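Reading through the structure tokens given below for one structure.
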Amino acid sequence: MTTLFISDLHLSPNTPEINACFEHFMRTEAIHADALYVLGDLFDFWIGDDDNSDFAAQIRNEFKQLTDAGVPCFFTKGNRDFLVGKRFAKQTGVSLLGDETVINLYGRNAVILHGDTLCTEDVQYLAFRAKVNQPWLQWLFNRLPMAIKTPIVRKIQSDARDTKKSKSLTIMDVTQSEVEKVMLEHKVDLMIHGHTHRPNVHTFSVADQEMTRIVLGDWYEQGSILCFDANNFSLQARPFPSE
Ligand code: LP5
Ligand code: MN
């Protein structure tokens with residue numbers, strides 16, 4: 001049996017091919033898994049659990065079908081879906097995780113996270129993250145009507161896009177010392193994250209201990225999955241379904 005990890009799908013009503021690939025994955029693969037972990041940025045942007053669009057309902061339904069079938073499903077929030085909340089969890093049966101979680105994978109402990117917090121050189125982003133993660137601000141935002149929330153989000157997204165243009169790829173990658181710090185803090189030799197869209201398996205040693213960092217891929221061109229079983233793991237791609 002296999003535990004599956006995905007992240008960075010960036011689903012929206014404007015991504016029919018990705019949505020179809022996700023739906024196919026949920027119905028044909030995730031349904032047979034030991035567990036499914038979503039490590040953030042499932043959505044292009046999640047504006048709040050009050051999203052009553054057909055799109056939001058469809059995605060909720062995919063998770064509900066999976067958890068109803070008995071597959072445990074876990075969700076770590078990303079920088080694009082930090083507003084996923086308790087109502088979403090209740091409606092889907094998904095368990096929400098904190099920023100960093102240690103899980104036991106067939107006898108091996110691993111820390112899982114979205115990955116944005118590892119990019120410590122991106123100080124502008126981290127300052128922004130701290131602001132939007134203030135509970136009182138989220139409480140307030142969650143109570144605004146869609147007609148007010150939507151233009152606020154559009155404006156901030158556009159401002160954020162502008163700032164991203166001037167950032168180097170190094171700034172937007174993880175900082176190795178932060179990776180090591182987090183792994184040592186949690187006493188693990190395995191880390192799994194997404195966010196950077198640079199799928200890879202990195203091995204390195206710290207104080208003579210062999211460490212592994214697995215980076216999940218995005219779903220821009222194909223489905224990207226980490227399949228982890230008792231003996232092995234692999235990063236795998238799934239083609240978008242043809243019409
Ligand atoms: O995901 P990706 O790779 O495109 O970019 C991320 C970082 N960008 C973001 C931007 C958010 O998705 C935008 C979301 C809008 C949310 C509106 C919420 C409404 C209020 C909610 C209140 C509870 O995450 C990007 C990183 C990149 O990853 C790589 O790591 O660099 O970071 C940015 O672009 C952030 C900018 O550097 C700073 C943005 C400043 C914008 C104006 C600030 C206004 C503050 C308002 C606070 C309420
Ligand atoms: Mn991200």
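In each ligand, atom 1 is the first atom listed, and ligand 1 is the first ligand listed. Not measured: the values here are computed from a predicted model.
The aromatic rings of Phe228 and Tyr106 sit parallel to each other, their planes meeting at less than 30°, with 60° as the upper class boundary. Ring geometry for Phe88 against Trp46 counts as perpendicular: the plane angle is over 60°, on a 0 to 90° scale with 30° as the lower cut.
At least one donor-acceptor pair closer than 3.5 Å links the side chain of Trp219 to the backbone N or O of Ser224. Proximity of a side-chain donor or acceptor of Glu100 to a complementary backbone N or O of Ile112 within less than 3.5 Å is not detected. Under a 3.5 Å cut-off, the side chain of Ser12 and the backbone N or O of Asn14 do form a donor-acceptor pair.
Excluding waters, the set of protein N/O/S atoms under 2.8 Å from the Mn ion (ligand 2) reads Asp41 OD2, Asn79 OD1, His114 NE2, His195 ND1.
Partner Thr2 forms a side chain to side chain contact (heavy atoms under 4.5 Å, CB included) with one of Asp229, Asp34, Ile225, Leu226 and no other, that one being Asp229.
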Take His195 and Asn79 through the side chain to side chain donor-acceptor pair (under 3.5 Å) test and state the conclusion after the steps. CA-CA 8 Å; His195 182 65; Asn79 55 293; 3.1 Å; yes
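Ring pair His10/Phe45: centre-to-centre distance not below 6.0 Å.
In terms of heavy atoms, Asp99 sits closest to Thr76 at O-CG2, 4.1 Å.
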Filter the ligand 1-protein atom pairs down to N or O on both sides and distance under 3.5 Å, then list them.
{"unit_1": "ligand 1", "atom_1": "1 (O)", "unit_2": "Asn79", "atom_2": "ND2", "d": "2.9"}
{"unit_1": "ligand 1", "atom_1": "1 (O)", "unit_2": "Arg80", "atom_2": "NE", "d": "2.8"}
{"unit_1": "ligand 1", "atom_1": "1 (O)", "unit_2": "Arg80", "atom_2": "NH2", "d": "3.4"}
{"unit_1": "ligand 1", "atom_1": "3 (O)", "unit_2": "Lys164", "atom_2": "NZ", "d": "3.1"}
{"unit_1": "ligand 1", "atom_1": "4 (O)", "unit_2": "Arg80", "atom_2": "NH2", "d": "2.7"}
{"unit_1": "ligand 1", "atom_1": "4 (O)", "unit_2": "Lys164", "atom_2": "NZ", "d": "3.0"}
{"unit_1": "ligand 1", "atom_1": "24 (O)", "unit_2": "Asn79", "atom_2": "ND2", "d": "2.9"}
{"unit_1": "ligand 1", "atom_1": "30 (O)", "unit_2": "His195", "atom_2": "NE2", "d": "2.7"}
{"unit_1": "ligand 1", "atom_1": "31 (O)", "unit_2": "Asp122", "atom_2": "OD2", "d": "2.6"}
{"unit_1": "ligand 1", "atom_1": "31 (O)", "unit_2": "Lys167", "atom_2": "NZ", "d": "2.7"}
{"unit_1": "ligand 1", "atom_1": "32 (O)", "unit_2": "Lys167", "atom_2": "NZ", "d": "3.3"}
{"unit_1": "ligand 1", "atom_1": "34 (O)", "unit_2": "Ala160", "atom_2": "O", "d": "3.3"}
{"unit_1": "ligand 1", "atom_1": "37 (O)", "unit_2": "Thr163", "atom_2": "OG1", "d": "3.1"}
{"unit_1": "ligand 1", "atom_1": "37 (O)", "unit_2": "Lys167", "atom_2": "NZ", "d": "2.7"}

